[in-house]
Amino acid sequence: MFLFERLRKGTKVILWITIFAFVGFIFLVWGMDIQQSRGPNPTVIGKVNGQRIQTSYFRQILLNSYEQLRKERGGDISESDEDRLQGMAWDRIVNETLIAQEIGRRRISVSDAELEFYIRHSPPPEVAESPAFQTDGEFDPAKYRDILQNPAYDLTGLEAIVRATVPIRKLEELVAASAKVSNNEVRAFFEKTSARIDFSFVSAGPRDFSVNPESIPVEELRAFYEANSEEFRIPESANLRYIVLNKDPSAQDESEVLAAANDISREARAGTDFGELAQAFSQGAEAEKGGDIGRLLPRESIPPAEAEVLFSLEPGQVSSPVRDKRGYVIVKLEEKKLEDGVEKVRYRRIFLPVDPGSETLAELQAKAMEVMKMTSDLSLREIAQEMNLELKESGLFYKGGISPILPREEEVKEFPFKNKVGKISKPIETRRAWYFLEIFEKQPSYVPTFEQAEVDLRRAVVAERKKKAAHESIEAVTAALAQGKSLEQAAREAGLTVREAKAVGRFDAIPEVGREPSVIGAALALGPGDSSGVLEGDSGFFLVSSVRHVPLDEELFVAQKEQMKLQLLQQKRILAISMWLEQLRNAARIEDYRADIL
């Protein structure tokens with residue numbers, strides 16, 4: 001138990017590793033009190049089986065999600081992304097709480113022997129992904145073993161991670177224990193995924209036919225309108241006036257970030273390792289790599305403000321802070337090179353965003369509350385005039401649709417269609433702003449007159465005619481085959497061409513056509529020489545004639561059998577855990593206060 005004994009000892013050098021968020025949450029959950037309260041308060045965003053979820057924890061998970069997505073995209077995220085991430089954060093916390101409760105209910109724990117085994121032989125992914133245990137971005141078992149055996153390191157942080165995650169892994173094993181895979185299932189999976197067929201086919205799609213819209217008589221249009229008028233119904237629409245209080249950084253916020261950027265720049269120029277500074281302070285996508293962009297780039301591939309500074313530096317030089325649209329950037333030129341007559345640079349960067357600080361946000365919230373109080377007596381127009389705010393209009397947008405201007409929260413989409421003209425919304429907070437909405441205009445849903453819909457009617461009738469022509473051409477081939485004609489002759493008489501597809505599998509594309517799963521599925525079900533009849537695919541209509549089923553590669557089956565069995569077992573295990581978690585959620589008492597707090 002040498003390793004485990006070392007986990008109990010603290011030494012001078014500490015190994016810092018990033019602890020998986022769930023580990024922190026486990027400690028948070030186990031440490032929470034489970035007192036009942038009579039209703040939501042600003043510090044509690046919900047409950048799971050009576051266990052309170054702190055608003056601060058939810059906001060932290062949400063903020064981490066925002067930053068991760070921003071790093072991946074290298075820019076801002078949209079309002080729709082915010083909605084999605086908020087839902088994902090809530091679902092994650094609910095699931096984590098239920099799992100932690102279930103671990104406690106089943107009294108799942110980890111012994112010292114288990115702890116040492118998992119540390120030595122099965123570190124969790126969040127440990128393997130730590131830079132401390134990696135070489136060139138990959139987990140390095142030799143480096144990991146060296147660190148475990150080095151008495152200079154304090155491994156209590158590693159112990160904390162493993163001690164918290166092993167019960168989760170043991171719970172997963174218990175839940176997924178029923179998952180089994182038989183040899184027959186493996187064989188069926190192989191046959192389904194490996195089956196190949198040679199076949200002939202003819203196809204016809206709407207794109208193969210042309211119809212002059214002006215050739216369609218009015219009588220036909222009117223008949224189509226009478227039969228399908230509801231398809232042209234215009235949804236209910238609304239126009240909103242609104243006030244936006246943007247969460248913009250103040251001059252003080254700007255000054256503080258600039259001061260921090262100047263300090264970092266001075267540190268780098270004084271000799272502090274730029275990569276370490278980037279890992280510690282940068283919020284750019286490349287921070288984990290020490291700010292390294294990783295490749296030579298020409299001027300036009302670099303943001304203009306950065307490029308102007310970079311091409312004035314010499315290798316090894318560090319710039320002063322440079323302002324871009326989101327914050328301050330500090331760059332260090334690593335290499336300057338001429339390639340094919342084009343000057344390129346490789347560099348490192350530290351990015352510090354200029355975001356509104358806590359004082360700025362508090363002031364803005366106070367202003368939003370002031371506006372809210374005024375809405376009981378004044379219209380938004382009057383409030384905007386009194387507080388010198390800009391009053392905007394959304395323009396008409398349809399029920400169920402999305403305004404390109406307003407935030408995409410569900411309450412914004414529903415508000416104008418659940419209230420009367422003149423109604424002012426409660427404050428709506430997003431990550432970027434506070435909104436106040438006032439219903440300015442509403443139009444009920446209606447079916448347009450024939451004259452109003454005529455342009456769309458012609459377009460619809462043209463599409464209908466083209467689809468009908470494609471279907472009829474394949475039907476003609478089917479009829480000719482029934483008369484004993486060959487596929488080639490039947491296709492030629494219908495003005496179509498017979499094409500060949502060789503060794504096509506269920507998930508392959510048909511040559512010159514593309515992916516048509518339903519067509520390939522029908523072809524695989526045919527016997528040699530059989531024809532399918534009319535098939536409708538995504539791109540049109542088809543008739544398939546089977547030629548030959550390609551024999552299965554039995555040697556491939558033998559070689560891949562165990563791998564496929566493991567693949568199927570993993571799928572079944574994931575499904576078992578997913579279904580168990582869904583049942584757990586359905587049986588749980590989940591109280592969601594987000595609408596009242598956020």
Side-chain angles (χ1 to χ4, degrees), residues 37-46 55-56 58-59 62 78-80 82-83 86 235-253 355-446 591-598:
S37 62
R38 296 187 177 181
N41 66 67
T43 65
V44 177
I45 201 164
T55 304
S56 59
F58 175 82
R59 290 188 185 278
L62 193 57
S78 67
E79 297 281 357
S80 60
E82 293 179 9
D83 294 342
Q86 187 182 115
E236 183 180 1
S237 60
N239 188 2
L240 301 176
R241 288 185 177 134
Y242 65 100
I243 289 173
V244 186
L245 303 178
N246 289 308
K247 295 180 180 179
D248 295 327
S250 67
Q252 180 65 26
D253 297 325
D355 294 323
S358 57
E359 289 186 10
T360 303
L361 293 175
E363 290 174 2
L364 188 67
Q365 183 174 12
K367 189 173 184 178
M369 295 306 101
E370 184 180 354
V371 172
M372 183 181 69
K373 292 177 182 178
M374 297 172 71
T375 58
S376 59
D377 301 315
L378 303 175
S379 69
L380 282 194
R381 180 182 294 281
E382 292 168 326
I383 294 171
Q385 290 173 346
E386 185 166 327
M387 299 188 68
N388 195 27
L389 298 172
E390 182 181 3
L391 183 67
K392 301 181 179 182
E393 277 191 27
S394 67
L396 283 170
F397 63 95
Y398 295 122
K399 184 176 182 179
I402 296 174
S403 166
I405 300 171
L406 293 169
R408 299 184 178 185
E409 269 76 1
E410 196 65 31
E411 57 189 314
V412 174
K413 292 191 289 185
E414 293 295 328
F415 169 72
F417 306 108
K418 289 184 175 180
N419 296 284
K420 297 179 180 179
V421 171
K423 176 72 174 179
I424 298 177
S425 72
K426 65 179 183 179
I428 299 171
E429 183 184 12
T430 71
R431 191 173 61 85
R432 298 176 183 174
W434 288 86
Y435 287 81
F436 291 87
L437 315 177
E438 181 181 35
I439 304 172
F440 170 52
E441 176 186 4
K442 292 179 71 171
Q443 292 186 2
S445 173
Y446 68 97
E591 301 172 48
D592 184 355
Y593 306 150
R594 285 179 294 161
D596 299 312
I597 294 173
L598 298 181

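Basis for what follows: all heavy atoms, side chains included, without hydrogens, waters or symmetry-related copies. Residue numbers run from 1 in the order of the sequence given.
Distance check, rounded to the nearest 0.5 Å: CG of Leu378 to NZ of Lys373 gives 14.0 Å. Rounding to the nearest 0.5 angstrom, the gap separating the NZ atom in Lys426 from the CG atom in Leu437 is 11.5 Å. Of the inter-residue distances, the one linking Phe397 atom CZ with Lys413 atom NZ reads 10.0 Å to the nearest 0.5 angstrom. Rounding to the nearest 0.5 Å places CD1 of Ile424 at 6.5 Å from OG of Ser379. To the nearest 0.5 Å, atoms CG (Leu380) and CZ (Phe440) are separated by 12.0 Å. Interatomic distance, NZ of Lys399 versus NZ of Lys418, reported as 8.5 Å (0.5 Å rounding).
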side-chain contact (heavy atoms from CB on, under 4.5 Å) between Ser394 and Asn239, worked out: CA-CA 6 Å; Ser394 67; Asn239 188 2; 3.4 Å; yes

Derivation of the side-chain contact (heavy atoms from CB on, under 4.5 Å) call for Leu364 and Glu429: CA-CA 11 Å; Leu364 188 67; Glu429 183 184 12; over 6 Å; no

Derivation of the side-chain contact (heavy atoms from CB on, under 4.5 Å) call for Met374 and Glu386: CA-CA 10 Å; Met374 297 172 71; Glu386 185 166 327; 3.5 Å; yes

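For Glu236, the salt bridge (charged side-chain N to carboxylate O under 4.0 Å, His left out) criterion is met by Lys442, not counting sequence neighbours. A search for side-chain contact (heavy atoms from CB on, under 4.5 Å) contacts involving Pro356 returns Lys247, Pro249, Asp253, Thr360, Leu361, not counting sequence neighbours.
In this structure, Leu389 and Lys367 have side chains that are in contact, with non-hydrogen atoms separated by less than 4.5 Å. At a threshold of 4.5 Å between non-hydrogen side-chain atoms, the residues Met387 and Val371 count as touching. Annotation: side chain of Ile428 is not in contact with side chain of Phe415 (no heavy-atom distance under 4.5 Å). Between Ser445 and Tyr398, every side-chain heavy-atom pair lies at or beyond the 4.5 Å cut-off. Ile243 places a side-chain heavy atom less than 4.5 Å from the side chain of Leu245. By the 4.5 Å heavy-atom criterion applied to side chains, Arg241 and Arg381 are counted as neighbours.
No donor-acceptor pair under 3.5 Å is formed between the side chain of Asn246 and the backbone N or O of Asp248. Asp592 places no side-chain N or O within 3.5 Å of a backbone atom of Gly46 that could act as its donor or acceptor partner. Looking at Ser237, its side chain never comes within 3.5 Å of a backbone N or O of Leu396 through a donor-acceptor pair.
The two atoms that bring Glu393 and Tyr242 nearest to each other are C-CE2, 3.6 Å, heavy atoms only. Residue Phe436 comes nearest to Ala368 through the heavy atom pair CZ-O, 3.2 Å, listed as atom of the first residue, atom of the second, then distance.
Atom CD of Glu359 is surrounded by 12 or fewer heavy atoms from other residues, nucleotides or ligands within 6.0 Å. Few gaps surround CZ on Phe417; more than 12 heavy atoms of other groups in view lie less than 6.0 Å from it.
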